[in-house]
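Below is one structure, written out as structure tokens, with a few remarks after it.
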Amino acid sequence: SRLGILIVRHLKRLERVILGYLEVPDGPEEEARLAILETLQCTIEHAWPRMPCRLPVLLKALLRLLWDVHTERGPTPEPVRAALLHRATQCLILLDRCSQGQVKVLLEGVHSSCEEKRVRECLRKVQESS
């Protein structure tokens, strides 16, 4: 957050780091994934003009994270899973705002075909956000 809009100078590298951390679970407390979601949220807030061009990659990674958190059967406590789902949902909402509703449009088909209750709930929150 110290860099503010100047973060755009590092977006390409930062995007690779964020995607790498989102893909891999890091133990029961998921500290790294929670921290990287916070980093992504801060990045979206500060570099929002540059986010629409990164939307396809980030949307795919966040949807994959939602699915992985829902389906993983590891030792991760329920509050940690809930925190991951909440932060990923918040990132999706921010992406939708800075892309002028493109996320909602892209998620329409996913939401209607998804049968998993928790993932569906996250997608519903994104659809209902204003």
Side-chain angles (χ1 to χ4, degrees):
S1 65
R2 286 185 188 172
L3 286 174
I5 191 66
L6 296 176
I7 194 68
V8 297
R9 293 180 183 167
H10 309 283
L11 271 181
K12 189 177 266 188
R13 253 183 301 167
L14 182 58
E15 181 182 292
R16 285 194 307 262
V17 171
I18 289 170
L19 295 175
Y21 274 97
L22 289 179
E23 289 176 0
V24 181
D26 62 306
E29 299 306 313
E30 294 283 7
E31 293 170 1
R33 288 210 283 189
L34 286 168
I36 207 69
L37 284 168
E38 185 178 338
T39 301
L40 177 58
Q41 186 173 349
C42 188
T43 302
I44 294 168
E45 289 170 355
H46 290 286
W48 63 268
R50 303 286 184 174
M51 289 297 120
C53 66
R54 299 187 175 331
L55 181 63
V57 173
L58 293 174
L59 180 60
K60 182 179 175 183
L62 288 167
L63 289 175
R64 179 68 186 209
L65 175 69
L66 289 175
W67 182 256
D68 288 348
V69 168
H70 173 71
T71 58
E72 287 171 355
R73 298 292 171 225
T76 305
E78 189 55 38
V80 175
R81 286 181 195 271
L84 283 168
L85 293 173
H86 174 74
R87 287 197 183 165
T89 302
Q90 292 305 310
C91 287
L92 286 169
I93 290 169
L94 284 173
L95 277 175
D96 183 62
R97 288 181 185 157
C98 68
S99 68
Q100 299 162 344
Q102 288 182 7
V103 172
K104 287 179 185 170
V105 172
L106 294 169
L107 289 180
E108 283 177 2
V110 176
H111 183 263
S112 62
S113 65
C114 181
E115 296 179 7
E116 303 302 328
K117 185 179 178 187
R118 292 182 77 181
V119 175
R120 223 177 136 96
E121 179 65 20
C122 294
L123 298 178
R124 184 190 60 76
K125 287 178 185 176
V126 175
Q127 292 287 4
E128 292 177 356
S129 68
S130 53

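The first residue of the sequence shown is numbered 1, and numbering continues consecutively from there.
In terms of heavy atoms, P28 sits closest to P75 at CB-O, 3.8 Å. Contact record, I93 with K125: CD1-O, 4.1 Å, taken as the closest heavy-atom pair. For P52 against S99, the heavy-atom pair with the smallest separation is CG-CA, 4.1 Å. Minimum interatomic distance between C98 and I44 (heavy atoms only, all atoms of both residues): SG-CG2, 4.1 Å.
Between the CD atom in Q90 and the OG atom in S129 there is a gap of 9.0 Å [rounded to 0.5 Å]. Here L94 contributes atom CG and Q41 contributes atom CD; the two are 5.5 Å apart, rounded to the nearest 0.5 Å. Note: R118 CZ to H70 NE2 = 7.5 Å, rounded to the nearest 0.5 Å. The NE2 atom of H86 sits 11.0 Å away from the CG atom of L34 when rounded to the nearest 0.5 Å. Here T43 contributes atom OG1 and L14 contributes atom CG; the two are 4.5 Å apart, rounded to the nearest 0.5 Å.
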Open item on the list: Under the criterion salt bridge (Lys or Arg N to Asp or Glu O under 4.0 Å), I'd like the reasoning laid out for R124 against E128: C-alpha separation, chi angles, the key distance, then a yes or no.
Closed with: CA-CA 6 Å; R124 184 190 60 76; E128 292 177 356; 2.4 Å; yes
- [ ] For the pair L85 and V119, evaluate side chain to side chain contact (heavy atoms under 4.5 Å, CB included) and give the outcome as yes or no after the intermediate values.
- [x] CA-CA 8 Å; L85 293 173; V119 175; 5.7 Å; no
Open item on the list: Would E38 and R87 count as a side chain to side chain contact (heavy atoms under 4.5 Å, CB included) here? Give the steps.
Closed with: CA-CA 7 Å; E38 185 178 338; R87 287 197 183 165; 4.0 Å; yes
Open item on the list: Run the salt bridge (Lys or Arg N to Asp or Glu O under 4.0 Å) test on R54 and E15 for me, step by step, so that the C-alpha distance in whole Å, both residues' side-chain angles and the decisive distance to 0.1 Å come before the verdict.
Closed with: CA-CA 9 Å; R54 299 187 175 331; E15 181 182 292; 3.5 Å; yes
- [ ] Evaluate the criterion side chain to side chain contact (heavy atoms under 4.5 Å, CB included) for residue pair R97 and W48; output intermediate values, then yes/no.
- [x] CA-CA 9 Å; R97 288 181 185 157; W48 63 268; over 6 Å; no
Task: Residue pair L55, L106: steps toward the side chain to side chain contact (heavy atoms under 4.5 Å, CB included) verdict - done: CA-CA 10 Å; L55 181 63; L106 294 169; 4.2 Å; yes
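Contact of the R120 side chain with the K117 side chain is not registered, since no non-hydrogen atoms from C-beta on lie closer than 4.5 Å. In this structure, D68 and P25 have side chains that are not in contact, with every pair of non-hydrogen atoms separated by 4.5 Å or more. Residues L92 and L66 have side chains in contact (heavy-atom distance under 4.5 Å, counting atoms from C-beta outward). Proximity of P77 to E29: side-chain heavy atoms (C-beta onward) are separated by under 4.5 Å at one or more points. You'll find the side chain of L107 stays beyond 4.5 Å of the side chain of D96, heavy atoms only. Looking at heavy atoms from C-beta onward, L37 lies in side-chain contact with L65 at the 4.5 angstrom threshold.
Shown here is R50, whose CZ atom has no more than 12 heavy atoms of other residues, nucleotides or ligands within 6.0 Å. The number of heavy-atom neighbours closer than 6.0 Å to CD of E78, taken from other residues, nucleotides and ligands shown, is above 12.
The pair E72-R33 meets the salt-bridge criterion, since a charged nitrogen lies less than 4.0 angstrom from a carboxylate oxygen.
With hydrogens and angles disregarded, a donor-acceptor distance shorter than 3.5 Å links the side chain of D26 to the backbone of E31. With hydrogens and angles disregarded, a donor-acceptor distance shorter than 3.5 Å links the side chain of Q127 to the backbone of K104.
Taking hydrophobic clusters as Ile, Leu, Val, Met, Phe, Trp and Tyr residues chained together by side-chain heavy-atom distances below 4.5 Å, V17 shares a cluster with L59. Side-chain heavy atoms closer than 4.5 Å link hydrophobic residues (I, L, V, M, F, W, Y) into clusters, and following such links, possibly through other members, connects L84 to W67.
Among the candidates V126, L62, L40, the single residue satisfying the side chain to side chain contact (heavy atoms under 4.5 Å, CB included) test with L95 is L62.
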